[in-house]
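See structure below.
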Amino acid sequence: MAELRTEEEQLQALKAWWQENGKSLVLGVGLAIALVLGWQGWQARQEQQAAAASALYQNLTEAAQLQSMNPEDDAQYVTAQHLAQQLKADFADTTYARYAGLVLAAMHVQNADYTQARTELEWVLSVSSEMDSIKRVATLRQAALMQQQGEVETAVSLVRDLDAGSFEAEKQELLGDLYLSLGQTEQARTAYESALQASGGAANNPLLKIKRDDLAEVNS
C-alpha cells in the first residue's frame, strides 16, 4: 500500500507540475520550432535571391561582351542597361549589383558617355560601406574619368591617399598619368617607379617601364 500511495503521490505531483509548467513548456517548444523553420525559410529565400541575382549578372556580362565585340549593336547596350538597373533595384544590397554598376560604367565609357559612366561609379561608391576591391576599382575608374573630363587636380586628391590594397600598382600608374597631365614630370616618374615596384618589376609591365624611361630622358 505504501508503494501504491507513493506512485499515486508521484502521479499527482506530475499532474500538478504539468498544470503549472506544461503551457510554458509547449510554448517554448513551439517557439523553438518556429525559430528553426523561420531560419530555414530565411536561408531558402537568401539562396533564391542569390541565384536570381547571379542569373541576371551572367546575362548582363554576356550582353556586355557581345556589345564590346560589336559596338554598333545598340540592342545589347540597351539590354545591359535594363539588366543592370534591375539588379540595382531588386538586389541593391548584393555584390552582384555593385559589379553591375562597374560593368555598366565601362560600357558607357566605351560609348563615350562619360557623364553616365561617372553616375554609375558614384552609385557604386554610395552603396559601398567598406573599402573593398569593388570600391577601390570604382574610385580608380572615377579618377580616370575625371582626368578625361579635365578635373585632374581633383582626381589627384582622390587617388593620392587611397588605400589601394592589391591595386597599388594601378593606383601609382594612374597617379603618374595624372601628374604628367599637370606637367609635373618628376612626380610622374616617381609614381611610375612606385607602380613598377608594386607590380613586381619591369618584366611584368614593359609599357609602364617605357613610361618611366621616357620621363627619365625628359628629366635628364
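This is a predicted model, so every value here is computed, not measured.
A donor-acceptor contact shorter than 3.5 Å is absent between the side chain of S54 and the backbone of A51.
Hydrophobic clustering, with ILVMFWY side chains joined whenever heavy atoms are under 4.5 angstrom apart, keeps L125 apart from L174. In the hydrophobic cluster analysis, where Ile, Leu, Val, Met, Phe, Trp and Tyr join through side-chain heavy atoms closer than 4.5 angstrom, L66 is grouped apart from L104. In the hydrophobic cluster analysis, where Ile, Leu, Val, Met, Phe, Trp and Tyr join through side-chain heavy atoms closer than 4.5 angstrom, V137 is grouped together with L145. Hydrophobic cluster membership differs between M107 and V78, with clusters built from Ile, Leu, Val, Met, Phe, Trp and Tyr side chains linked at under 4.5 angstrom.
Remark: the Y77 side chain and the H108 side chain contain an N/O donor-acceptor pair separated by less than 3.5 Å. Remark: the D213 side chain and the Y192 side chain contain no N/O donor-acceptor pair separated by less than 3.5 Å. Counted by atom type alone, Q81 and Q85 present zero donor-acceptor pairs between their side chains at under 3.5 Å.
Taking the six-membered ring where the residue is Trp, Y57 and Y99 present tilted rings, their angle falling between 30° and 60°.
If you take CE on M146 and OG on S181, they are separated by 14.0 Å, rounding to the nearest 0.5 Å. Distance check: T185 OG1 to D214 CG gives 12.0 Å after rounding to the nearest 0.5 Å. Summarising the geometry, atom CD belonging to E62 is positioned 11.5 Å from atom OG1 belonging to T79; distances are rounded to the nearest 0.5 Å. To the nearest 0.5 Å, atoms CG (L102) and CG (L121) are separated by 6.5 Å. Interatomic distance, CZ of R189 versus CZ of R212, reported as 6.5 Å (0.5 Å rounding). Here CD of E120 is found 12.0 Å from OG1 of T115. Values are rounded to the nearest 0.5 Å.
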CA sep, side-chain torsions, deciding dist, call: Q76, N70, side-chain contact (heavy atoms from CB on, under 4.5 Å) | CA-CA 9 Å; Q76 295 299 333; N70 185 10; over 6 Å; no
Give the C-alpha distance, both sets of side-chain angles, the deciding distance and a yes or no for side-chain contact (heavy atoms from CB on, under 4.5 Å) between Q67 and N111.
-> CA-CA 10 Å; Q67 204 268 338; N111 286 273; 3.5 Å; yes
Report the C-alpha distance between Y96 and L56 in whole Å, list the side-chain angles of each, state the deciding distance to 0.1 Å, and finish with yes or no for side-chain contact (heavy atoms from CB on, under 4.5 Å).
-> CA-CA 9 Å; Y96 290 111; L56 282 174; over 6 Å; no
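When all heavy atoms of L60 and A80 are compared, the pair lying nearest together is CD1-O, 3.3 Å. Here the closest non-hydrogen pair linking A117 and V109 is CB-CG2, 3.7 Å. Closest approach of A155 to A143, counting heavy atoms only: CB-O, 3.5 Å. Pairing each heavy atom of W123 with each of A97, the nearest pair is CZ3-O, 3.5 Å. When every heavy atom of A164 is checked against every heavy atom of E168, the shortest pair comes out as CB-OE1, 3.6 Å. When all heavy atoms of L162 and R136 are compared, the closest pair comes out as CD2-O, 4.4 Å.
Counting only heavy atoms from C-beta outward, the side chains of D93 and V127 never approach each other to under 4.5 Å. Residues L180 and L215 meet the side-chain proximity criterion, which asks for heavy atoms closer than 4.5 Å. The side-chain heavy atoms of V124 and K135, taken from C-beta on, include no pair separated by under 4.5 Å. Taking 4.5 Å as the limit, some side-chain heavy atom of R98 sits within range of a side-chain heavy atom of D132. No side-chain heavy atom of L158 sits under 4.5 Å from any side-chain heavy atom of L140.
Q110 CD: more than 12 foreign heavy atoms inside a 6.0 Å radius. The number of heavy atoms from other shown groups lying within 6.0 Å of CZ (F91) is above 12.
Ion pairing of K171 with D161 is absent here, as no side-chain N (NZ or NE/NH1/NH2) approaches a carboxylate O to less than 4.0 Å. In this structure, E151 pairs ionically with R118, as a charged nitrogen and a carboxylate oxygen lie closer than 4.0 Å. Between K211 and E173 there is a salt bridge, since a side-chain N of the basic residue sits under 4.0 Å from a carboxylate O of the acidic one.
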